[in-house]
Amino acid sequence: MKKVRQFLVLLLILILCVSLVAGCAQSANKAPTNSKNTQENQTKVKNPDTMVVAYNDQPTTLDPHIAYDPESLQAISQVYEGLVTYKGGTNEVVPQLAERWETSNDGKVWTFYLKKNIKFTDGAPFNADAVKTSFERLLKINQGPAWMFDMIKSIDVVDEYTVKFNLEYAFVPFIHALANPSGPMIISPKAIKEHEENGDLAQNWLRQNMVGTGPYMLESWNMGQDFTLVKNPDYWGGWEGKHVSKVVYKVVQESSSQRLMLESGDADFANAIPRDVIEDLSKNPDITVQVDSTVNLLNLFFNNQRGALKDKRVRQAMAYGFSYDDCIKGVFNNLGKRMQGPLPPGMWAHDSTIKPYEKDVEKAKKLLEEAGYPGGKGLKFTIMVETGSEDYKKVAELFQSDMKELGIDISIQVLAWATIKDMLASAETAPDMFISGFYPDYLDPDNVLYALYSSRTIGSINESFYTNPQVDQLLEEARRSTDLAHREELYKRAQQIINDDCPAIFILVRDNITTMRSWVKGFVFHPILVNRYYFMYKE
């Protein structure tokens, strides 16, 4: 019983810790003063029953067991649901498709009691079989978010509305992993069975089709143009109160065009407004600009298995050659914080003793000489940037300029994220380097360090193809420990090694900027979840 109590106490401590982090992220609102707070909207609401979102790219897939990018998750989160979710803007886990749950004394068995009388949009019933089918599919496909659940040993259907997860070891943040929008979504087992082709578990069909239990369902997807969801009239949550019946995502890659749409009211949200116009935009009483602290990382990832980049001295030299302060001030208008190693500040177990890389051209040149590339001789790389990401492009241009000082030739290539993602499937096809954000799925170091730097996640989320046996051992041990102090020690040791290996340039933790029409009501920022439009309305 002592061990049982100790486990439960540790679990409670972890939940409190991550709740505090989420609370900090939520309360650190630095939105510019805006006259909209004291004035009536200047224009009449356009399309009051439709939420229009200007987005800089389209989904790569609509399959919730494969998707792992913001564009895809934006759509998926409106249609699919999980057993649990987060409450409002907090880190409190609450039931969604589950009614309640309980955990065994050793933390290895989680039993969920499901809500009844829920149906998928194809008419199939939601029950324990649907849960088992979805999670077994997720694990069998083993892409994108599957790594978070590799401790699941088996899933038992106890009865029609009771399902039991048996874990290989007590994974403390399991309930938080279930609450995130990446992966643990329940798909209609009928749809999977009817559209399976050659044992693909309906991957081909679910890439462009959706069958969930959520408030919306897919109406159309015009590739490269727009994506439309309409309300599910039989949604179990009901349509009483204020909601929008339609959500339209418009692919608008030019940030200037997004701004015009927002200012004219043709878009309710715009996701790619440049930071250098935020202050000016916030003076418009018809537009709300909200800035929130996050744990969202921005890194420049190296292909650690490609040519000269295999040598950590070359990677370190480039890290010492980068102008961090110029990037944060010039590109991000100080709307972000410097990274200090691979784990974001503010997250539990962050090691504040790590010495971050600072610009030191002489040190960088010395490292290149030691690695056999004096004056950067012969070093030529290509960096990939996502289409429509103006900030990323500016970071790439700054990096290009900095590397020229070291004699390293950098070319910039701009491609759609879907194309880059396909290239990242293997070290052979992956680019030399690419700039990417990383949005943690739950507020635990496991979700950053294990996800990005464990060799077990190569091929899914470790897209720098970094491997270090010592790091693997530390991260694996940390996953299996229920001793909070021991986990912290292991994560700090791992951070020191990863920082020295320099698999990426750790740039900054970005503030989240939400730009929306002031007639949008019910918006709540969450550091983990994407926008859920069912809870919003316009007036």
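Predicted, not measured: the structure shown is a model, and the values here were computed from it.
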Inset, instruction - Answer yes when Lys312 and Asp500 have at least one side-chain N-carboxylate O distance shorter than 4.0 Å, and no when they do not. - result: yes
Inset, instruction - Would you please name every residue forming a ring-ring contact (aromatic ring centres under 6.0 Å, His included) with Tyr373, sequence neighbours left out? - result: none
Legend entry - Euclidean distance, Glu463 CD relative to Asn304 CG, rounded to 0.5 Å: 12.5 Å
Legend entry - Inter-residue atom distance Leu490.CG - Glu477.CD, 0.5 Å rounding: 4.5 Å
Legend entry - 4.5 Å side-chain heavy-atom contact, Thr515 and Phe269: no
Inset, instruction - Evaluate the salt bridge (charged side-chain N to carboxylate O under 4.0 Å, His left out) criterion for residues Arg338 and Glu358: first the C-alpha distance (whole Å), next the side-chain angles of each, then the deciding distance (0.1 Å), finally the verdict. - result: CA-CA 10 Å; Arg338 255 308 299 273; Glu358 304 283 357; 3.4 Å; yes
Inset, instruction - Check the surroundings of atom NZ in Lys394: do more than 12 heavy atoms from other residues, nucleotides or ligands lie under 6.0 Å from it? - result: yes
Legend entry - Distance in Å, Lys538 NZ paired with Met516 CE, rounded so as to fall on 0.5 Å steps: 13.0 Å
Legend entry - Gln470, CD: over 12 other non-hydrogen atoms inside 6.0 angstrom: no
Inset, instruction - Decide, yes or no, whether a salt bridge links Arg480 with Glu476 under the criterion of side-chain N to carboxylate O below 4.0 Å. - result: yes
Legend entry - Audit row: Lys492, Glu488, salt bridge (charged side-chain N to carboxylate O under 4.0 Å, His left out) steps and yes/no: CA-CA 6 Å; Lys492 287 186 174 181; Glu488 182 175 11; 3.3 Å; yes
Inset, instruction - Cation-pi check, Arg479 to Tyr169: give yes when NZ or CZ is under 6.0 Å from the six-membered ring centre and within 45° of the ring axis, no otherwise. - result: no
Legend entry - Note, Ile513 side chain near Gln290 side chain (heavy atom, < 4.5 Å): no
Legend entry - pair Leu335-Arg510: side-chain heavy atoms closer than 4.5 Å: no
Legend entry - Atom of Asn142, atom of Ala146 and distance for their closest heavy-atom approach: CA-CB, 3.6 Å
Legend entry - Distance (rounded to the nearest 0.5 Å) between Gln413 CD and Ile420 CD1: 8.0 Å
Inset, instruction - To the nearest 0.5 Å, tell me how far Asp402 CG sits from Asp326 CG. - result: 7.5 Å
Inset, instruction - I would like to know whether Val53 and Asp268 meet side chain to side chain contact (heavy atoms under 4.5 Å, CB included); could you show each step before the answer? - result: CA-CA 6 Å; Val53 184; Asp268 301 300; over 6 Å; no
Inset, instruction - Step through it carefully: locate the ring centre of His176, locate the ring centre of Tyr86, and say whether they are under 6.0 Å apart. - result: yes
Legend entry - CZ on Phe174 to CG on Asp444, rounded to 0.5 Å: 14.0 Å
Inset, instruction - Go through Met403 and Phe381 one step at a time and tell me if the side chain to side chain contact (heavy atoms under 4.5 Å, CB included) criterion holds. - result: CA-CA 10 Å; Met403 294 306 102; Phe381 304 109; over 6 Å; no
Inset, instruction - Could you note down all residue pairs passing ring-ring contact (aromatic ring centres under 6.0 Å, His included) where residues 421-442 supplies at least one of them, sequence neighbours left out? - result: Phe301-Phe434
Inset, instruction - Could you name each residue pair satisfying ring-ring contact (aromatic ring centres under 6.0 Å, His included) that touches residues 320-347, not counting sequence neighbours? - result: Tyr320-Tyr357, Phe322-Tyr324
Inset, instruction - For Gln258 and Asn271, test the side chains for any donor-to-acceptor distance below 3.5 angstrom and give the result as yes or no. - result: yes
Legend entry - NZ (Lys359) with more than 12 external heavy atoms under 6.0 Å: yes
Inset, instruction - Would you check if there is a donor-acceptor pair between the side chains of Asp432 and Asn303 at a distance under 3.5 Å? - result: no
Legend entry - Side-chain heavy atoms of Leu73 within contact of Ser182, under 4.5 Å: yes
